[in-house]
Amino acid sequence: MENPVEHIDLGLVNYTQHPENPKYIVFRFVDPVRAEDFENELVKNKIWFERGLEHKKQISVHLFGIHSQDFKRVEKINYLVEARHKKPLVQMAFFRWALVIFGLSAITLAIVGFCSAPQQIKTEVSE
């Protein structure tokens, strides 16, 4: 089986190739709640793993070693766990809805402006 993880580790994803054994992939979590949720999902789906804890400066990193043949299944579990614990980009509901209404208003005005003078727009573009 070819290597399912072919990327340079820039910190954009929370998994990387095991440094010593290429048959394993290491998932890492800084948040202990996400790590616990990830472990529960692995146990529920009967996926074998090894768990470790690494201390870096002032934080603890929870590590999970997964065999590369289980990578696709574990990747889906990883996305599921991240989605459960993800905070909205705009956290205050008022501002979130204000942004949606503003965007829809801008699109509506653009459509109305195009439909009200399509001939004028065509002549300006052709010149």
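Looking only at distances, no side-chain donor or acceptor of Arg73 sits under 3.5 Å from a matching main-chain atom of Ile47. Side chain of Glu54 to backbone of Ser60: no donor-acceptor contact under 3.5 angstrom is found. Judged purely by atom type and a 3.5 angstrom limit, Asp37 has no side-chain atom pairing as donor or acceptor with the backbone of Val33.
Contact annotation: the side chain of Val74 never approaches that of Ile25 to less than 4.5 Å [non-hydrogen atoms, C-beta and beyond]. Within the 4.5 Å cutoff, no side-chain heavy atoms of Val26 are placed close to those of Ile66. In this structure the side chain of Arg28 reaches within 4.5 angstrom of the side chain of Thr16, judged on heavy atoms. Within the 4.5 Å cutoff, side-chain heavy atoms of Asn14 are placed close to those of Asn78. Side-chain contact check for Phe49 versus Val43: some heavy-atom pair is nearer than 4.5 Å.
Screening Glu82, Glu75, Lys76 for a side chain to side chain donor-acceptor pair (under 3.5 Å) with Tyr79, the sole residue that qualifies is Glu75.
Rounding to the nearest 0.5 Å places CD of Gln17 at 12.0 Å from NZ of Lys23. Atom NZ of Lys44 is separated from atom CD1 of Ile77 by 8.5 Å, given to the nearest 0.5 angstrom. Note that CD of Gln69 and CH2 of Trp48 are 10.5 Å apart. Values are rounded to the nearest 0.5 Å. Atom CG of Asn45 is separated from atom CG of Asn40 by 11.0 Å, given to the nearest 0.5 angstrom.
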- Task: Please test Asp31 against His85 for side chain to side chain donor-acceptor pair (under 3.5 Å), starting from the C-alpha separation and ending with a verdict.
- Result: CA-CA 10 Å; Asp31 182 13; His85 297 280; 5.1 Å; no
- Message: The test is side chain to side chain contact (heavy atoms under 4.5 Å, CB included); show your working for His18 and Asn21 and say whether it passes.
- Response: CA-CA 5 Å; His18 191 281; Asn21 190 345; 4.0 Å; yes
- Message: I'd like to know whether Glu41 forms a side chain to side chain contact (heavy atoms under 4.5 Å, CB included) with Arg84, so could you lay out the CA-CA distance, the side-chain angles of the two residues, the decisive distance to 0.1 Å, and finally the verdict.
- Response: CA-CA 12 Å; Glu41 287 294 323; Arg84 268 192 224 140; 3.0 Å; yes
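The aromatic rings of Phe64 and Phe38 sit perpendicular, their planes meeting at an angle over 60°, well past the 30° parallel limit.
Hydrophobic clustering (ILVMFWY, side-chain heavy atoms < 4.5 Å, transitive): Phe95 and Leu99 are in one cluster. In the hydrophobic clustering of ILVMFWY residues, with side-chain heavy atoms under 4.5 Å counting as a link, Tyr24 and Leu42 come out apart. With hydrophobic clusters built from ILVMFWY side chains whose heavy atoms lie under 4.5 angstrom apart, Phe102 does not share a cluster with Leu104.
Around the CG atom of Leu53, the shell of radius 6.0 Å holds more than 12 heavy atoms that belong to other residues, nucleotides or ligands.
Side-chain atoms of His62 and Arg51 form a donor-acceptor pair, as typed in the model, at a separation below 3.5 Å.
In this structure, Phe71 has its ring center closer than 6.0 angstrom to the ring center of Tyr15.
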